[in-house]
Amino acid sequence: MKLAKSYQPEDYEAGIYSLWEKSSIFTPQGSGEPYSIVVPPPNANGNLHMGHALTFAIEDIMARYHRIKGDRVLFLPGADHAGFETQVVYERQLEKEGKSRFDYSREELYRNVYSFVEQNKDNFQSQIRKLGASVDWGHYTFTLDDPIVKRAFATFKKMFEEGLIYRGERLVNFCTFHGTAFADIEVDYKEEQGKLWQIRYPLTDSSGEIVVATTRPETMLGDTAVAVNPKDSRYSNMVGKTVKLPLTNREIPVIADEYVDPKFGTGAVKITPAHDPNDYDVAKRHDLPFMTVIGFDGKLTHDVPVAFRSLTVQEGRAAVVNEIEKQGFLTNSEDYTHSVGHCYKCGTIIEPLLKEQWFIDIKPLANKALERIREGDITFMPSSKQTQLERYLENIKDWNISRQIVWGIPIPVFQNEDDPGDWIYDERVDQEIITVNNKTYRRDPDVFDTWFSSSSWPYSTLGYPDRQDFKDFYPLSVMESGIDLVMPWISRMIMLGIYVTGNVPFKRIYLHGMITDERGKKMSKSVGNVIDPMEIIELYGSDALRLGVLSGHTPGSNQPYVQSKVIGGRNFCNKLWNIARFIEDKSTIGTMDQIEAITDPDHWILQVYQLTKINYLKLMDSYRFSEAYDLIYHFIWDDVADWYIESSKNQPNINLLLALLKGILVMVHPFAPFLTETIWQTLNLEPNTILANQQLIELPQGDHAKSERFKIAKNLITSVRSIIKATGSSGIKLYYHEEPIVELYSTLIKQLAGVIGVEEGEPEHGMAVTEANLNVWLDISKEQIDKYLVRLNEKISIEQGRLKQLQARLDNPSYIAQAPEELVNESRDQLIESEQILENYLQEKFRFSN
RNA sequence: GGGGCUAUAGCUCAGUUGGCUAGAGCGCAGCAUUCACAUUGCUGAGGCCCAUGGUUCGAGUCCAUGUAGCCCCACCA
């Protein structure tokens with residue numbers, strides 16, 4: 001098969017991927033060192049976005065590189081049921097059909113969402129294939145697969161039995177639109193313009209009044225105290241008395257608590273324990289009653305005066321303000337900016353509401369995690385995230401794992417119908433009612449927070465505790481994830497991993513930043529700046545996309561999606577393609593018996609290859625992928641294409657060219673898997689797929705002296721080109737005197753330097769090629785030389801500056817004494833070199849001036 | 001209030017443990033053209049590496065302070 005004139009990725013990608021899949025080469029191979037990556041499972045509810053393209057690119061590079069090193073690589077894919085997220089996506093679809101979740105029973109809804117996700121599975125799996133991810137599909141895991149669910153149950157059971165799980169009535173962050181609670185970190189806080197109202201609460205004994213400040217006057221209906229700071233002398237005589245709560249006929253006490261800041265507002269705070277987390281804490285300390293005045297539907301309850309019942313929070317606020325104003329209790333109101341929690345999906349204001357939920361007593365787990373992190377059991381990239389995670393774990397609060405939605409893993413606990421305090425663990429979650437010891441138990445209707453089950457991902461996917469995979473591949477070699485998941489996911493994987501298995505879940509964590517649009521703005525559907533990776537693949541190819549998002553990538557920092565980088569990647573692919581095409585033309589494939597360096601360029605390229613390989617390994621081993629890409633990009637484009645191939649046109653060393661191509665293909669393969677395999681297949685290289693090649697290609701070492709000889713010629717060519725361009729000359733001959741290297745390379749010089757001839761002998765008039773430091777002249781006319789004089793003068797002054805700098809450095813006794821000897825020697829050599837070059841320049845100038 | 005990150009060419013960004021002449025891609029200017037590649041080749045212009053101070057023989061790199069921008073956490077009666 002012949003290579004086409006240019007690389008058209010769409011003609012090859014699908015075929016190449018199915019070839020890989022058929023050969024089951026993605027399953028762990030051989031008996032090398034185990035190397036394991038588990039994919040952070042994308043949500044099973046939609047399309048992959050640019051962030052996924054980056055994630056898969058980075059992970060796939062790791063996986064493919066380690067296969068090349070001969071490691072036994074497991075690269076495990078999966079999908080996340082993404083509880084709440086998916087239910088929201090599904091509900092939006094229902095909305096388009098004019099329906100809502102309330103039109104279905106729980107079971108129906110669950111089944112519908114399940115088939116919705118099932119339908120989408122093929123879609124997003126095929127997108128992963130298009131990205132070229134070399135995942136082992138045989139290990140594909142869904143977060144609702146039986147073993148994963150069983151694992152979540154087992155972990156819950158262990159915690160339940162060890163007393164780490166408790167049920168408590170706490171204030172939870174509740175979205176009244178979606179009807180579910182959220183963990184603290186899921187609440188989206190935004191600055192909002194509100195008002196601060198001041199309300200007069202008369203003392204019951206008529207000895208005065210106390211004015212409280214509030215942003216939420218409607219909650220006054222649920223006040224059960226007024227608090228002041230114990231050190232605040234303005235109020236010290238009121239503590240212990242009671243006030244009459246306006247609009248109600250209740251009397252509530254005035255208490256003293258450190259929580260109150262005397263400098264804020266009036267220094268007096270109304271306490272609404274059922275609707276404010278701080279008030280909740282105060283109430284606990286003072287044993288105050290809790291009075292719920294806002295229900296789960298977001299409306300005022302029946303416990304408020306008739307006039308306010310069933311009003312929404314907003315309506316209630318207006319009504320209360322109106323009423324207290326009318327009755328003369330409102331003393332003041334002013335604009336006030338404060339931050340308000342919102343549902344991150346629908347924007348509804350989050351209400352803190354009292355609800356019985358399951359909580360994990362997280363401190364003990366966090367402390368263990370902290371210990372291991374501080375011992376350095378996990379390498380963080382970037383390292384700054386370690387500090388951030390430590391701070392988070394130090395201040396962590398108990399974790400609410402109950403969610404009032406349908407789509408998720410049911411919490412396997414049942415409540416005694418006759419004794420609400422009696423909860424038992426049972427895995428028969430497909431039943432609503434079970435009987436144990438003649439007692440009737442009803443299942444908790446709630447499901448787990450998605451993150452509870454996905455926190456077990458590193459070991460549940462590997463079949464903890466018995467499966468061989470777990471024994472071979474745990475802890476994971478690396479967890480690659482977005483930086484936004486450090487707290488919700490990474491932290492919990494570490495805590496649960498240690499808790500369940502006794503070991504950290506992964507040895508290294510590589511965090512990538514978010515991909516933004518070209519201006520650095522977050523991609524979002526509503527702004528309309530989202531770029532679909534699948535469209536980019538169609539336009540430029542999968543490898544080009546990968547190279548584009550990877551070039552200049554650095555862990556931890558956000559990166560814009562830059563189209564020109566993708567185009568650069570596409571061009572690079574084409575470059576490599578054409579290198580292969582050149583070699584294909586020159587050779588009869590299949591004769592690679594002896595690889596032998598014949599010419600100086602052969603020796604030179606072998607030396608550069610060797611050096612590149614060493615640096616490549618170093619960079620790849622330290623996860624510095626974008627630098628490794630940069631390295632091979634310039635090796636291939638600058639050294640191989642621009643110099644070696646060009647030099648080869650006279651005297652192609654076919655075996656070496658082929659071997660070199662193989663070497664390059666293997667190094668590039670993690671970065672451009674489709675392209676490299678396509679070339680490999682088309683040229684019928686051995687072994688039958690590039691993936692089976694489990695090592696970097698070894699080539700003979702070039703001879704140093706011969707390599708240096710080529711470098712001299714190369715420098716000469718560059719200098720000559722530069723002079724010819726600068727003087728705008730053409731039809732120039734090059735003369736040399738007693739220079740065997742120039743004689744040896746006369747043909748190449750003629751071809752590449754753009755001169756019409758290379759001859760022995762000094763021209764009558766002409767200019768020396770000063771930089772080359774050889775007896776070489778160009779027969780450039782006097783007029784043209786004059787154009788060059790300006791440039792020569794610039795060069796002279798630059799070189800003089802450099803010489804001065806070197807001289808000063810070497811005159812500094814501290815430098816001689818303290819800098820490393822090699823460095824000092826290097827400086828000395830540079831000084832000599834600089835003097836020589838300057839001398840050449842000055843001589844030339846002198847010649848011109850006469 | 002606590003913590004973190006970023007500041008380098010017109011744009012987007014690299015720059016490992018400090019090492020001397022700071023790099024790339026794109027863009028820009030000029031030249032070239034059937035011979036692997038216009039998804040090309042060649043030549044070139046473009047930078048007080050945010051500011052100030054410090055450590056050091058030597059600072060884009062380390063330390064301190066400041067300025068600007070971004071992010072996370074907590075709180076906001």
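These values consider heavy atoms only, across backbone and side chains, with no hydrogens, waters or symmetry-generated copies. Protein chains get the first letters and strands the later ones, always in sequence-line order, with residue 1 at the start of each.
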Residues A:Pro217 and A:Ile199: closest non-hydrogen pair is CB-CD1, 4.3 Å
Scan A:His634 against the nucleic acid and name what it touches under 4.0 Å (heavy atoms): base, sugar-phosphate only, or nothing. sugar-phosphate
Classify A:Ser384 by what it touches in the nucleic acid, base, sugar-phosphate, or nothing, heavy-atom distance under 4.0 Å. sugar-phosphate
Please name all residues satisfying side-chain contact (heavy atoms from CB on, under 4.5 Å) with A:Ser542, sequence neighbours left out, ordered by chain then number. A:Glu13, A:Ile537, A:Phe674
Please compare A:Gly520 and A:Pro262 by the position of their nearest nucleotide in RNA chain B and report the one closer to 5'. A:Gly520
Nucleotide of B:rU12, B:rA36, B:rC5 approaching A:Lys565 most closely (side-chain heavy atoms): B:rU12
With the side chain of A:Asn812 defined as its heavy atoms from C-beta on, choose the nearest nucleotide among B:rG25, B:rG15, B:rC57. B:rC57
Could you check how far CD1 of A:Ile679 sits from P of B:rC37, rounded to whole Å? 15 Å
Here the distance between atom P of B:rC37 and atom CZ of A:Phe582, to the nearest Å, is 11 Å
Dot-bracket for RNA chain B, 5' to 3', Watson-Crick and G-U pairs with both distances under 3.5 Å, [ ] for crossing pairs, | for partner on another strand, reads (((((((..((((.....[...)))).(((((.......))))).....(((((..]....))))))))))))....
Quantified in whole Å, what is the C1' atom distance between nucleotide B:rU65 and nucleotide B:rU55? 15 Å
List for me each residue that meets side-chain contact (heavy atoms from CB on, under 4.5 Å) alongside A:Ser551, sequence neighbours excluded, and say none if there are none. A:Lys565, A:Tyr629
Please state how far atom CG in A:Asp484 lies from atom C1' in B:rC5, giving the value in whole angstrom units. 15 Å
Parallel, tilted or perpendicular, judged at 30° and 60°: which one describes the rings of A:Tyr510 and A:Tyr623? tilted
Does A:Lys5 place a side-chain N or O at less than 4.0 Å from the phosphate oxygens OP1/OP2 of B:rC37? yes
Please encode protein proximity along nucleotides 39-47 of chain B as a string of B, S and -, counting only heavy-atom distances under 4.0 Å. BSSBSS---
Looking at B:rC57, B:rA36, B:rG3, which one has an atom nearest to any side-chain atom of A:Arg581? B:rA36
Atom CD1 of A:Ile583 and atom P of B:rC37: how far apart are they, to the nearest Å? 14 Å
Could you please name the option among B:rU16, B:rA36, B:rU56 that lies closest to any side-chain atom of A:Lys649? B:rA36
Backbone of A:Phe380 reached by a side-chain donor or acceptor of A:Ser383 within 3.5 Å: no
Going by the side-chain hydrogen bond (donor to acceptor under 3.5 Å, both in side chains) test, name the single residue among A:His275, A:Lys270, A:Arg317 that passes it with A:Thr219. A:Lys270
Counting only side-chain N and O atoms of A:Ser557, is one of them less than 4.0 Å from OP1 or OP2 of B:rA14? yes
Got a donor-acceptor pair under 3.5 Å from the side chain of A:Glu627 to the base of B:rA24? no
A:Asp639 versus A:His634, side-chain donor and acceptor atoms under 3.5 Å: no
Remember a base hit wins even if backbone is also touched, and classify A:Leu196 as base, sugar-phosphate or nothing at under 4.0 Å, heavy atoms. sugar-phosphate
Hey, what's the ring geometry for A:His338 with A:Tyr336, parallel, tilted or perpendicular (30° and 60° as the breaks)? tilted
Of A:Glu799 and A:Gln559, the one whose closest RNA chain B nucleotide lies more 5': A:Gln559
In terms of side-chain heavy atoms of A:Arg809, which of B:rU21, B:rA24, B:rG15 is nearest? B:rU21
Do A:Phe625 and A:Leu619 pass the side chain to side chain contact (heavy atoms under 4.5 Å, CB included) test, and can you show the C-alpha distance, the side-chain angles, and the key distance before you say yes or no? CA-CA 7 Å; A:Phe625 305 120; A:Leu619 291 168; over 6 Å; no
Please tabulate the protein-to-nucleotide N/O contacts below 3.5 Å involving nucleotides 64-75 of chain B, giving atom names and distances.
from   : atom 1 : to       : atom 2 : distance (Å)
B:rC75 : OP1    : A:Lys397 : NZ     : 3.4
B:rC75 : O3'    : A:Asn278 : ND2    : 3.0
B:rC75 : N4     : A:Ser339 : OG     : 3.4

Looking at A:Gln805, I'd like to know whether one of its side-chain N or O atoms comes within less than 4.0 Å of OP1 or OP2 on B:rU21. yes
Student check: side-chain heavy atoms of A:Val566 and A:Val562 closer than 4.5 Å: no
Could you check whether A:Gln830 gets within reach of a base, just the sugar-phosphate, or nothing at all, counting any heavy atom under 4.0 Å? nothing
Any donor-acceptor pair under 3.5 Å linking the side-chain atoms of A:Asp223 with those of A:Thr272? yes
For A:Leu370, is there any backbone N or O sitting under 3.5 Å from a side-chain donor or acceptor partner on A:Arg374? no
Residues passing the side-chain contact (heavy atoms from CB on, under 4.5 Å) test with A:Pro273, sequence neighbours excluded, are A:Thr224, A:Ile271, A:Ala283, A:Phe290
